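See structure below.
Being a predicted model, the structure only gives us computed values, none of them experimental. A, B, ... follow the sequence lines: proteins, then strands. Residue 1 opens every chain.
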Number of protein chains: 2
Amino acid sequence: MHNELETVFAKEGYRLTSPRRAVFDVLHGSESPLAIAVIIKACPDVDRVSIYRTLELFTRLGITEIIPFGWKQRYELTSPFKPHHHHLYCTNCGVLIDIHSQKLEQVVAAIAREQDFQPAAHKFEITGLCRHCQANIQ
Amino acid sequence: MHNELETVFAKEGYRLTSPRRAVFDVLHGSESPLAIAVIIKACPDVDRVSIYRTLELFTRLGITEIIPFGWKQRYELTSPFKPHHHHLYCTNCGVLIDIHSQKLEQVVAAIAREQDFQPAAHKFEITGLCRHCQANIQ
DNA sequence: TTCTTATTGCAAATTTGTTGCAATAATATG
DNA sequence: CATATTATTGCAACAAATTTGCAATAAGAA
């Protein structure tokens, strides 16, 4: 994992420092997107400021992306560090389900083509009730 | 417009106050999603705190939704106050293009069905370069 | 018109994000 | 391997955004 990171950084002329490794490792070890506050707590040896700066850099380099998540934003690794996917979010129990939809990707391409738009990235999310919560509530 | 609002509020037992009308009117008068700071400035007679509380309530009642917008979030009225749609966002000039895609809605339904998920809402956004900026930069 | 109580505005606290700069450490170079 | 260069860090201090408690106000019911 760090090899690919090194490659990206070397290519761009940035240094692969221990704060950056720490933030990357936390994200890489997580199943789901993380809020900044969580990343800060998970890296007790790294200053808050460096975490803000690191996430800004990662996002600018396309290593992470910002995921809308209720009121706050969260961060998640992108491809090739984590395969491209989207989320179903259960508003009752909070579970996140990863989805990989070829059809969705096709629709993105089709919409962009129709609008003469050059797509760089896209976000997608469905909120609602997971199978389990449908059965239990109401 | 206010009639429908009154209906929603009456049904839920909330009061339709002047701060709430003011925030609603600002959102209703806008073409695009608005940042909280903008809404605060647009309602000089309403306290900041009330605007936070109002947007929290609106979102909880499904009157508004949070739109990811670069680093910050913005707020926009939802159906029936504003027809359901999504955005293309040009990262160069900042323009927002509204899209209404039947295909996308079908994919949402299909994904939900496959996952046995009961969808309540969904977000979708493509970022990239608009026609104009493709021609001008690079 | 009066009563009840949800909602507001205010003040103050807290949390979140930003900036400038000297000290540190990652990489290139000899 | 030692040294030089300079990107990056941590710290302190600041600035902005968001939250909380509570008395005063006003919406809607009676």
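Taking the centre of each ring, A:Phe24 and A:Phe81 come in below the 6.0 Å mark. Aromatic ring centres of A:Tyr75 and A:Phe58 lie farther apart than the 6.0 Å criterion allows. For A:His86 and A:His100, the gap between ring centers reaches or exceeds 6.0 Å.
Using a 4.0 Å heavy-atom distance criterion, B:Arg48 is classed as a base contact. Here A:Arg53 lies in heavy-atom contact (under 4.0 Å) with a base.
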Test side chain to side chain contact (heavy atoms under 4.5 Å, CB included) on A:Thr17 and A:Arg20; report intermediate values, then the result. CA-CA 5 Å; A:Thr17 65; A:Arg20 289 174 182 168; 3.5 Å; yes
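Rounded to a whole Å, the NZ atom of A:Lys11 is 18 Å from the C1' atom of C:dT27. C:dT16 atom P lies 14 Å from atom CD of B:Gln73, rounded to whole Å. Nucleotide D:dA17 holds its P atom 20 Å from the CD atom of B:Glu56, rounded to whole Å. When rounded to the nearest whole Å, the span between CD1 of B:Ile40 and P of C:dG9 equals 12 Å. The CZ-C1' distance, from B:Arg15 to C:dC3, rounds to 11 Å in whole Å. A:Tyr52 places its OH atom 17 Å from the C1' atom of D:dT9, with the value rounded to the nearest Å. The nearest whole Å value for the distance from the OH atom in B:Tyr14 to the P atom in C:dA6 is 11 Å. Taking atom CG of A:Asp47 as the reference point, atom C1' of C:dT16 lies 14 Å away to the nearest angstrom.
Heavy-atom nearest nucleotides on DNA chain C were determined for B:Thr54 and for A:Ile36, and the one closer to the 5' end corresponds to B:Thr54. Between B:Ser18 and B:Val49, it is B:Ser18 whose nearest contact on DNA chain C lies nearer the 5' terminus. For B:Ala37 and B:Arg21, each mapped to the nucleotide of DNA chain D holding its nearest heavy atom, the one lying further toward the 5' end belongs to B:Ala37.
Remark: A:Thr17 is in phosphate contact with D:dT9, judged by side-chain N or O atoms under 4.0 Å from OP1 or OP2. Contact check, A:Ser50 against D:dG10: a side-chain N or O comes under 4.0 Å of OP1 or OP2. Between B:Arg20 and C:dT8 there is a side-chain polar atom (N or O) within less than 4.0 angstrom of OP1 or OP2.
Other residues, nucleotides and ligands contribute at most 12 non-hydrogen atoms within 6.0 Å of the CD atom of A:Glu31.
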